[in-house]
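For reference, the structure discussed in these notes is given below.
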Amino acid sequence: MELYIHYTSLPQDKELPDVVEELNEVLEEGGVVCGGEDGRIDLELEDERHNPKYAQMAVKAYLQRAAFDKNTTVEIGGMEIGIYE
């Protein structure tokens, strides 16, 4: 299952490689960052052994702790949700 993070800017103290590394740590065996483009980070969530809902919640919590902009959204299954909703 794929999850996309749509962002307008990174937090002030973060570079994209830092965010990718931290997301991979948050996901552990529940998924991995697999790419992206300008303004989007793509994640592949493990859904055979793990419930992807837990990975989605972990990603949202990370984005909030890292102080991503309020316009940042998480897209899963074609549905976008604000990280502060």
Side-chain angles (χ1 to χ4, degrees):
M1 175 173 286
E2 294 184 347
L3 181 145
Y4 305 105
I5 299 169
H6 299 278
Y7 63 93
T8 54
S9 64
L10 296 172
Q12 288 183 338
D13 61 338
K14 306 268 185 206
E15 298 289 329
L16 187 55
D18 300 325
V19 172
V20 168
E21 180 180 334
E22 291 169 359
L23 281 167
N24 281 326
E25 288 175 11
V26 165
L27 291 170
E28 295 177 356
E29 294 180 16
V32 65
V33 176
C34 62
E37 55 189 49
D38 192 30
R40 188 179 89 189
I41 301 171
D42 301 354
L43 296 92
E44 180 68 34
L45 303 182
E46 172 66 54
D47 58 354
E48 291 180 14
R49 295 180 291 149
H50 301 280
N51 184 339
K53 182 75 172 170
Y54 295 118
Q56 179 186 0
M57 291 185 317
V59 167
K60 257 179 100 169
Y62 164 76
L63 296 171
Q64 292 171 1
R65 282 192 313 274
F68 268 75
D69 185 81
K70 65 180 179 178
N71 296 322
T72 302
T73 61
V74 174
E75 177 186 347
I76 190 164
M79 186 173 148
E80 286 189 44
I81 303 164
I83 63 169
Y84 296 103
E85 291 179 18

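We count residues from 1, following the sequence as given.
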Pairwise side chain to side chain donor-acceptor pair (under 3.5 Å) hits with a residue in residues 24-34, at least two apart: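 Found none.
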Pairs where residues 56-74 contributes a residue and the test salt bridge (charged side-chain N to carboxylate O under 4.0 Å, His left out) is met, not counting sequence neighbours: none
Linked hydrophobic residues, I81 as query - side chain contacts closer than 4.5 Å: M79
Other ILVMFWY residues reachable from Y54 by side-chain steps of under 4.5 Å: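 The other cluster members (ILVMFWY side chains, heavy atoms under 4.5 Å, direct or chained) are M57.
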Single-linkage hydrophobic cluster, 4.5 Å side-chain cutoff, [X] and [Y] together:
X: Y84; Y: V26; value: yes
X: L63; Y: L10; value: yes
X: V33; Y: L45; value: yes
X: Y7; Y: I76; value: yes

Nearest non-hydrogen partners of I83 and F68, listed with the distance: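 Here I83 and F68 meet closest at CD1-CB, 3.8 Å.
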Heavy-atom pair with the smallest gap, counting every atom of A55 and G30: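 For A55 versus G30, the nearest heavy atoms are CB-O, 4.2 Å.
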Results of side chain to side chain donor-acceptor pair (under 3.5 Å) for T73 - residues two or more places apart only: E80
Qualifying residues under side chain to side chain donor-acceptor pair (under 3.5 Å), relative to D18, sequence neighbours excluded: none
Results of salt bridge (Lys or Arg N to Asp or Glu O under 4.0 Å) for K14 - residues two or more places apart only: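 Per chain and number, K14 pairs via salt bridge (Lys or Arg N to Asp or Glu O under 4.0 Å) with E22.
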R40: partners by side-chain contact (heavy atoms from CB on, under 4.5 Å), with sequence neighbours left out: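 By the side-chain contact (heavy atoms from CB on, under 4.5 Å) rule, R40 matches Y4, H6, E37, D42.
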How long is the gap from [atom1] on [X] to [atom2] on [Y], to the nearest 0.5 Å?
X: L43; Y: I5; atom1: CG; atom2: CD1; answer: 5.0 Å
X: L27; Y: E44; atom1: CG; atom2: CD; answer: 11.0 Å
X: I41; Y: T72; atom1: CD1; atom2: OG1; answer: 9.0 Å

